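Worksheet: the structure to be examined is printed underneath.
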Amino acid sequence: DVKVTQSSRYLVKRTGEKVFLECVQDMDHENMFWYRQDPGLGLRLIYFSYDVKMKEKGDIPEGYSVSREKKERFSLILESASTNQTSMYLCASRRGTLTSNYGYTFGSGTRLTVV
Amino acid sequence: GENVEQHPSTLSVQEGDSAVIKCTYSDSASNYFPWYKQELGKRPQLIIDIRSNVGEKKDQRIAVTLNKTAKHFSLHITETQPEDSAVYFCAASRTSYDKVIFGPGTSLSVIP
């Protein structure tokens, strides 16, 4: 069973802090994604990566950056946390080659509160 | 940019009735349309998907229909059960491998 693990379930950070959200998958998936989930807005794509050291901006990249130094790990970085980045952050992965299952596997999410 | 709209935002049905959730998308190059179900406190999970070369797909009590000309697609759940209560997200992407754009979600409540 594919597992996507996010390092923290809950985080509380102060405004201006640099925040690292970690995501690790164990099924050798090429594609990894970071979304944030807010009520009434659904899941909005922040950044994604199709392979090691590759990264692409999603729909709301401002205030965020990412790192993918190893295939299994995709990190989301909030350079200077602000209160409007309080949200649920979901990591997802998916195989990037021919497969019978094109669905995302999501992590359990990190609920970040910035005070 | 690409956009996916979804209606209704909330839906209540009696157990045993049918539920229909409708979505529209803006990117005419979209060819892959997955649906995800998110139960309270849990992660979203893929329940069914459809590609643009298919007009309809069924899996037990769940069916999806696609009208590529109108850029509409819908989720139909028949004989609803309390365990169908969840938030449902429609989504679209250009290919099965591409980034997925999600709709805002529909909160479905099935009343016993």
Side-chain angles (χ1 to χ4, degrees), chain A residues 1-6 9-10 23 25 29-51 54-62 66 68 74 87-111, chain B residues 1-11 21 23-27 30-54 57 59 62 64 75 86-108:
Chain A
D1 197 23
V2 177
K3 285 192 171 51
V4 178
T5 303
Q6 293 184 230
R9 188 82 168 115
Y10 299 95
C23 176
Q25 50 92 6
H29 282 177
E30 292 80 9
N31 298 352
M32 297 188 75
F33 307 82
W34 275 106
Y35 288 84
R36 63 177 282 178
Q37 182 174 15
D38 300 287
L41 297 177
L43 286 76
R44 292 181 292 165
L45 182 62
I46 306 171
Y47 265 97
F48 59 105
S49 170
Y50 286 145
D51 208 339
M54 294 178 65
K55 58 184 178 184
E56 301 275 349
K57 291 180 180 179
D59 298 320
I60 51 165
E62 296 78 19
V66 290
R68 191 154 181 214
F74 192 34
S87 186
M88 170 68 84
Y89 289 87
L90 287 167
C91 175
S93 75
R94 182 181 61 196
R95 187 159 297 286
T97 55
L98 191 64
T99 176
S100 60
N101 180 5
Y102 293 101
Y104 282 173
T105 298
F106 282 93
S108 54
T110 295
R111 183 163 295 282
Chain B
E2 301 136 336
N3 187 47
V4 176
E5 295 184 354
Q6 184 171 350
H7 299 280
S9 57
T10 59
L11 179 60
I21 301 170
C23 292
T24 60
Y25 59 97
S26 62
D27 185 1
S30 295
N31 284 299
Y32 174 66
F33 306 92
W35 286 85
Y36 286 81
K37 174 184 179 182
Q38 186 177 30
E39 297 176 10
L40 189 63
K42 296 190 176 180
R43 65 195 79 185
Q45 292 199 312
L46 179 73
I47 55 172
I48 195 167
D49 57 12
I50 190 169
R51 286 171 184 74
S52 60
N53 58 345
V54 174
K57 183 176 180 180
D59 183 4
I62 293 174
V64 291
L75 177 73
V87 177
Y88 291 81
F89 294 98
C90 62
S93 67
R94 290 190 170 186
T95 71
S96 305
Y97 306 112
D98 214 337
K99 62 179 181 178
V100 169
I101 304 301
F102 287 86
T106 295
S107 178
L108 172 65

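Computation of the quantities below employed the complete heavy-atom set of this structure, encompassing side-chain atoms and omitting hydrogens, waters and symmetry-equivalent molecules. Keep in mind that this is a model prediction, so the values were computed, not measured. Reminder, nothing fancy here: chain letters follow the sequence lines and each chain counts from 1.
By the side-chain contact (heavy atoms from CB on, under 4.5 Å) test, A:Glu56 pairs with A:Phe48, sequence neighbours left out. The ring pair (Phe, Tyr, Trp, His ring centres under 6.0 Å) check on B:Phe89 picks up nothing, with sequence neighbours excluded. Remark: A:Tyr47 engages no residue in a ring pair (Phe, Tyr, Trp, His ring centres under 6.0 Å) (not counting sequence neighbours).
Chosen from A:Asp38, A:Leu43, A:Leu41, the residue pairing most often with chain B at heavy-atom distances under 4.5 Å is A:Leu43. Comparing B:Ser93, B:Pro44, B:Gly103 by how many heavy-atom pairs each has under 4.5 Å with chain A, the most go to B:Pro44.
Open room surrounds NZ on A:Lys55; 12 or fewer heavy atoms of other groups in view lie less than 6.0 Å from it. Heavy atoms from other residues, nucleotides or ligands lying under 6.0 Å from CD of B:Gln45 number 12 at most.
Contact between A:Gly107 and B:Arg43 at its shortest, heavy atoms only, is O-CB, 3.3 Å. Between B:Pro104 and A:Gly40, the shortest heavy-atom distance links the atoms CB-O, 3.6 Å.
Only the side chain of A:Leu90 comes within less than 4.5 Å of a heavy atom of chain B; its backbone N, CA, C and O stay farther away. Proximity to chain B is limited to the side chain of A:Asp59, based on heavy atoms less than 4.5 angstrom apart. For chain B, no part of A:Arg111 is nearby; none of its heavy atoms comes within less than 4.5 Å. Contact annotation for B:Val100: both backbone and side-chain heavy atoms come within less than 4.5 Å of a heavy atom of chain A.
Of all residues in residues 30-38 of chain B, those placing a non-hydrogen atom less than 4.5 angstrom from a non-hydrogen atom of chain A are B:Tyr32, B:Tyr36, B:Gln38.
Taking 4.5 Å as the limit, some side-chain heavy atom of A:Tyr50 sits within range of a side-chain heavy atom of B:Asp98.
One finds the NZ atom of B:Lys99 at 12.0 Å from the NZ atom of A:Lys57 (value rounded to the nearest 0.5 Å).
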